[in-house]
Amino acid sequence: MTLYKRKNKTMQYDFNRIERDWQKYWAENQTFKASNNSDKPKYYVLDMFPYPSGAGLHVGHPLGYIASDIYARYKRHKGFNVLHPQGYDSFGLPAEQYAIQTGQHPAITTETNIKTYRRQLDQIGFSFDWSREVRTSNPEYYKWTQWIFIQLFESYYCNNDNKAKDITELVSIFSSEGNANVNVACDDDIEVFTAEAWNSFSTEEQQAILLKYRLTYLAETEVNWCPVLGTVLANDEIVNGVSERGGHPVVRKKMTQWSMRISAYAERLLQGLEAVDWTDSLKETQRNWIGKSVGATVSFNVTQSESEESHKIEVFTTRPDTIFGVSFMTLAPEHELVSILTTADQKEAVEAYIEKTAKRSERDRMADVKTISGVFTGAYAEHPFTKEPVQIWIGDYVLASYGTGAVMAVPCGDQRDYDFAKHFNIEIPNIFEGVDISEEAFTGKDNVKIANSDFLNGMNYKKASKLAIYELEKLGQGEGKTNYRLRDAVFSRQRYWGEPFPVYYVNGMPQMIDAQHLPIQLPEVEKYLPTEEGEPPLGRADVWAWDTKNNKVVSNDLCHSEQSEESHNGIYPLELNTMPGWAGSSWYFFRYMEEAANRGDVFASEDALKYWENVDLYIGGAEHATGHLLYSRFWVKLLKDRGFVNVEEPFKKLINQGMILGTSAFVKRIAWSLSGESDFDQTKLPYVCLSEDISEKIINKDAVAIVEIKNKLQKIIDDLGIGNLRVNNFSNDLDGLDFMPVHVKVQYVNASDELNIEGLKNDGEFGDDYANAIFIGNKGEIVEEGKGVFKVGREVEKMSKSKYNVVNPDNIVADYGADSLRLYEMFLGPLEQYKPWNTAGITGVHNFLKKLWKLYVDDNGLKINDAEPTKDNLKTLHKTIKKVQEDIENFSFNTSVSTFMIAVNELGAQKCTSKDVLEPLLVLISPYAPHIAEELYSKLGNSTSISTAAFPEFEASHLVESSKNYPISFNGKMRFTLELPMDLSKDEIEKAVMAHEKTIAQLEGRTPKKVIVVPGKIVNIVG
RNA sequence: GCUGAAGUGGUGGAAUUGGUAGACACGUUGGACUUAAAAUCCAAUGUCCAUUAGGACGUACGGGUUCAAGUCCCGUCUUCAGUACCA
């Protein structure tokens, strides 16, 4: 008895023990530590690092990590030196919010959350090289984020050479020839100056000018400021003019903030997409975001009355060829010239219109595209060629934030201009030869000739555009121009939990702290809220001034910014804003390249950067398409230009994993509707829940079911003995009136959608809500302990705590093991697809692992021997090698899990015990289910980790078939199959098939018109 | 509106260049083992008709190309994602 028991125990698939042991082994032996010195080719597999939130991981989070881990492990088997690191994007809002609520320092919250994450990640058995971990909130890390910020500040973008350069080069150009001939990225409001003028400017004047050229610069930006929340809100955090959170008023406010001149890189960011292996949809998203449009700027002179000074209206157009079709102009209501141009007659109407549009948020304006509105300003501009007067209107279909905030309206060629002209009865000249524009504008540009356009007549779009631009340039009233939608990125946040800027201010001008004094560490504050004056939280710090003599952060008391130059004593106030979340994540992939021990003096050494280059495979969510993935490309290009890294693009191949959705469970709860007199508090009536099928019947107005349930409900009321109450009839429209679906925890639902009523009743979270609840089963019976079946309704929704459909991987690992979790996440479906999680299905892969185990081990121990593999054994093995290798390389992980199942089923049926087959099989499976693979591999007598084993070589010879089971089709319909030797010729196959009795039966005496024979594939008989 | 992706059994999903549609699982049903349950194993399982052979229909819908279409072409519908008065 004892013997039997012990034997059984050791020989069973004890996944908890196996996984614990091997995770320990990997950690102790640093099995997955990458080396920066290796003869092997390198391969860098990276996951988008997580923000460690307080909620921990749910089963959706590890999906991408499992996929990348499989790939990393596969690449190791294939002989690559693999870098597969992990870390934390640990600055961010939730920890700060928590700090505001509780006073707990965000660093503590973050540390706690990271511990949870690490524990959860470790138990899944990832092959991460944790020795290279990074945390963006660590001072040793953000030191280098600050350092990169300084590099941006010290750089300008040269359009001639198409790269960023040291700002000192620009200074020397200014001092020798002024700025008249420089072709660089800069603000639009720059005055031309000579070398003499430059040299005569004060230092401060020079600094102010340089700020307009630097790749990071201070600018007045209009922001959505919410005074109550004390914070700046993004456009989509505002609904109907108030904050989405809390409904507080929001005002537009100008603030001086740091911006990143990403627009300088617009063209390179666009071009760079050609070189990377990303999905088309992702590339397209970035292209749209960059929004390149080629056209021309045209300036229209405003027709002057004597008293006015001269004004010009600049417009951008993609259709300079249609310039003779201009019949009016439209300015955005916010356009700076509106108040100047408007005539006295029109003043009242214009102001009323501006006031009206100002009330509508930009979002509302964009959403409402149907209403046509606008006002004539009374002013006219002069057409550059015809010199005819052109009416100037304002209209809110023109956006101040795009182009110049003004358009030349060509109603015959643009639908919005057309609608506007029709609505206000403005002339619509037709400049397209032979095109009818009586109903709508002609918006195409191909296959049409320009007419009624003076020197452009008879030309096509291309020629006419070119000539129009040439003529405009000759007049000095326009030039060819490429416009980008991409805006410079605001880089300041009024938050505490982010990187402080290495910046102090002298007389309002920003100064960089010398890189050798970094990091500038976050100061301590008492509260994490903005100050009463509306300054960011760092405004509360007492020790937050920069001592330029001793190069350290000192108490604010020493800083007398108000006083004269002499008495400031070299101590100046520090920047109060912090950097946004994307700062730290824009370069972290380089930090991993350096081993932790060597990270002191560099963000990564030259050798490390040269060796690892960039990320070969990057896996993460699609929500970063225009944020992280654009900003990090921008920073990498800057670092390359300035000679710090060698690559133009950070991520060669990128895959977006799809989201795993929850399968929510519902009970249908009766909403009591009673009539009659009673003192009874109706809110105290018991919950009555209907099983899914019976509620369906009621919804479908099944008369029998309705009567039955109504009687049941009446009985429940009668049994309560609370007076003479009658249950009302079910209402006719059953939309949630008589019973409502209520979420219940998915953990109480089994694979057959049956509810564990006892579990729900005893769940403390719901108090007494369900303790006395009555459950009515499918047959109308009251379901009680162990009696009857109660089914829930199911629906696929995003995983969320409030929907009670979150599944924690901890429970899955405890119940089925990490290998089961890994396999199941992959088995669910294609990596990139959205798919629902249903814990019930995990038994499939779990049973597979048990079968796999039994292939190697029975009650008597290991059953593997050195027997010569049979032909079938080898065929199964090599079929599997081929398929799994192809699948991994195509990131089709779900199908390789099926392939493993087939292989194990076949080898089981073949009663295979041959080590020559079963050992390579383990290597195939090990990227997916590494723990069981390691365990069985060591049982086979290996003393090293299976991760060092070579991937089995596929040999096609084992798959050569001597015969083929041909499907025989008649008119395309498969009727029967016929086993024929592979080496038959076409004619021989045809002969064999035609002679077959089933063929004769099918033909019923007819003579086939045609017989298609594809050797090795199919036979089709027509006729 | 535009751009991109997709639509296959009760469910998740296979089907790599057009060549046996529904692999592999889940679920369901039946059976074996057991006092019983669980676990395990075996069998069936697209729909409909015939229940024995077999037949008809079937990959969102309507057409087309082809000996042969889930796959290619044209049109329509639906869902999801991104984006939006972009001049």
Side-chain angles (χ1 to χ4, degrees), chain A residues 279-289 291-293 295 315-319 322 329-330 332 362 365-372 395-399 401-410 413-417 419-420 483-485 622-623 625-626 656 658-659 663 750-753 794 796 823-824 827-830 832-845 847-848 850-851 854 883 886-887 890 892 894-902 905 965-977 1008-1014 1016-1023:
Chain A
T279 60
D280 288 339
S281 76
L282 186 54
K283 286 187 187 183
E284 197 58 27
T285 306
Q286 290 217 343
R287 282 192 199 105
N288 289 340
W289 194 259
K292 180 180 185 175
S293 39
V315 299
F316 175 75
T317 178
T318 53
R319 297 292 304 274
T322 63
M329 305 185 72
T330 315
E362 194 149 328
R365 266 169 67 179
M366 288 184 196
D368 177 19
V369 294
K370 294 217 173 74
T371 323
I372 295 161
D396 66 2
Y397 78 96
V398 178
L399 301 179
S401 55
Y402 182 75
T404 61
V407 300
M408 61 176 221
V410 183
D414 182 290
Q415 194 57 45
R416 289 156 303 163
D417 295 346
D419 295 339
F420 195 87
N483 223 19
Y484 296 92
R485 201 184 74 101
E623 66 275 16
T626 53
N656 292 128
M659 196 185 290
T663 313
N750 73 6
S752 312
D753 294 346
R794 307 221 80 167
V796 173
L823 280 174
Y824 188 50
F827 188 62
L828 278 179
E832 293 169 85
Q833 196 167 300
Y834 278 54
K835 51 217 172 246
W837 175 273
N838 196 341
T839 304
I842 202 170
T843 53
V845 293
N847 282 340
F848 157 72
K850 284 199 243 176
K851 272 194 222 165
K854 283 186 196 159
K883 176 84 172 125
E886 283 167 1
D887 283 346
N890 292 319
S892 175
N894 54 327
T895 49
S896 32
V897 179
S898 308
T899 306
F900 293 139
M901 291 173 170
I902 294 167
N905 287 345
N965 196 19
Y966 279 94
I968 312 300
S969 302
F970 291 80
N971 297 317
K973 278 178 193 152
M974 207 281 288
R975 291 301 172 192
F976 62 93
T977 60
K1009 284 192 199 125
K1010 209 191 222 179
V1011 179
I1012 311 278
V1013 178
V1014 185
K1017 286 234 157 126
I1018 198 167
V1019 176
N1020 190 16
I1021 297 160
V1022 187

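Just so we're on the same page: letters track the sequence lines, and every chain starts at 1. Any value given below was found using the heavy atoms of this structure, including those in side chains, with hydrogens, waters and symmetry copies removed.
- Base pairing analysis places B:rU20 opposite nothing; no Watson-Crick or G-U wobble pair with both distances below 3.5 Å involves it.
- For B:rU17 and B:rG1, the P atoms lie 32 Å apart once the distance is rounded to whole Å.
- If you take atom P in B:rC80 and the same atom in B:rC72, they sit 24 Å apart, rounded to whole Å.
- A:Arg287 places its CZ atom 20 Å from the P atom of B:rC2, with the value rounded to the nearest Å.
- Across all strands shown, nothing is found opposite B:rU65 as a Watson-Crick or G-U wobble partner with both distances under 3.5 Å.
- Atom CZ in A:Arg975 sits about 14 Å away from atom C1' in B:rA68, given to the nearest Å.
- Contact annotation for A:Asn838: no contact, since no heavy-atom pair falls under 4.0 Å across all strands.
- A donor-acceptor distance shorter than 3.5 angstrom exists from the side chain of A:Thr663 to the backbone of A:Trp837, with no hydrogens or angles considered.
- Searching all strands for a Watson-Crick or G-U wobble partner of B:rG10 with both distances below 3.5 Å returns B:rC26.
- Residue-level contact check: A:Ser969 touches neither bases nor backbone, having no heavy atom under 4.0 Å from any strand.
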Report task. Walk me through it: do A:Arg416 and A:Val398 pass the test side chain to side chain contact (heavy atoms under 4.5 Å, CB included)? Result -> CA-CA 10 Å; A:Arg416 289 156 303 163; A:Val398 178; over 6 Å; no
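- Between the side chains of A:Asn905 and A:Lys851, a donor-acceptor pair is found at a separation under 3.5 Å.
- Nucleotides B:rA38 and B:rA23 place their P atoms 27 Å apart, quoted to the nearest Å.
- Using the Watson-Crick or G-U wobble rule with both distances under 3.5 Å, B:rG70 pairs with nothing in any strand shown.
- Nucleotide B:rC41 is matched to B:rG31 when pairs are restricted to Watson-Crick or G-U wobble geometry with both distances under 3.5 angstrom.
- In terms of phosphate contacts, A:Tyr834 brings no side-chain nitrogen or oxygen within less than 4.0 Å of OP1 or OP2 of B:rC80.
- Note on A:Val1014: a base of the nucleic acid sits closer than 4.0 angstrom, heavy atoms only.
- Under 4.0 angstrom from either OP1 or OP2 of B:rC57 there lies at least one side-chain N or O belonging to A:Lys973.
- Residue contacts for A:Glu832: at a heavy-atom cut-off of 4.0 Å it reaches no nucleic acid atom on any strand shown.
- Distances shorter than 4.0 Å separate none of the side-chain N or O atoms of A:Arg485 from OP1 or OP2 on B:rU83.
- The phosphate of B:rG13 (OP1 or OP2) has a side-chain N or O of A:Gln833 nearer than 4.0 angstrom.
- If you measure from atom CG of A:Asn1020 to atom C1' of B:rC67, you get 5 Å, rounded to the nearest angstrom.
- For the atom pair CZ of A:Phe420 and CD1 of A:Ile372, the computed distance is 8.5 Å after rounding to the nearest 0.5 Å.
- Across the protein-nucleic acid pair, A:Glu284 atom CD and B:rG4 atom C1' stand 7 Å apart, rounded to whole Å.
- Whole-Å rounding puts the A:Trp289 CH2 to B:rA84 C1' distance at 11 Å.
- Syn is the conformation of B:rG9, whose glycosidic angle sits no further than 90° from 0.
- Of all nucleotides present, none satisfies the Watson-Crick or G-U wobble test against B:rU51 with each distance under 3.5 Å.
- A:Asn847 comes within contact range of the sugar-phosphate backbone alone, with a heavy-atom separation under 4.0 Å but no base atom that close.
- Between A:Lys835 and B:rG12, a side-chain N or O to OP1/OP2 separation shorter than 4.0 Å is absent.
- Between A:Asn894 and B:rA14 there is a side-chain N or O to OP1 or OP2 distance below 4.0 Å.
- Residue A:Arg794 has no polar side-chain atom (N or O) positioned under 4.0 Å from OP1 or OP2 of B:rU11.
- Across all strands shown, B:rA60 forms a Watson-Crick or G-U wobble pair with B:rU76, both key distances being under 3.5 Å.
- Ion pairing between A:Arg287 and A:Glu284 holds under the 4.0 Å rule for side-chain N and carboxylate O.
- The aromatic rings of A:Tyr402 and A:Phe316 sit perpendicular to each other, their planes meeting at more than 60°, with 30° as the lower class boundary.
- Pairing for B:rA84 is absent, with no Watson-Crick or G-U wobble pair whose two atom distances lie under 3.5 Å.
- With hydrogens and angles left out, the side-chain atoms of A:Thr895 and A:Asp887 include a donor and acceptor closer than 3.5 Å.
- Contact between the side-chain N/O atoms of A:Thr279 and the OP1/OP2 oxygens of B:rA5 is not found at any separation under 4.0 Å.
- A:Arg416 has its CZ atom 16 Å from the P atom of B:rG1, to the nearest Å.
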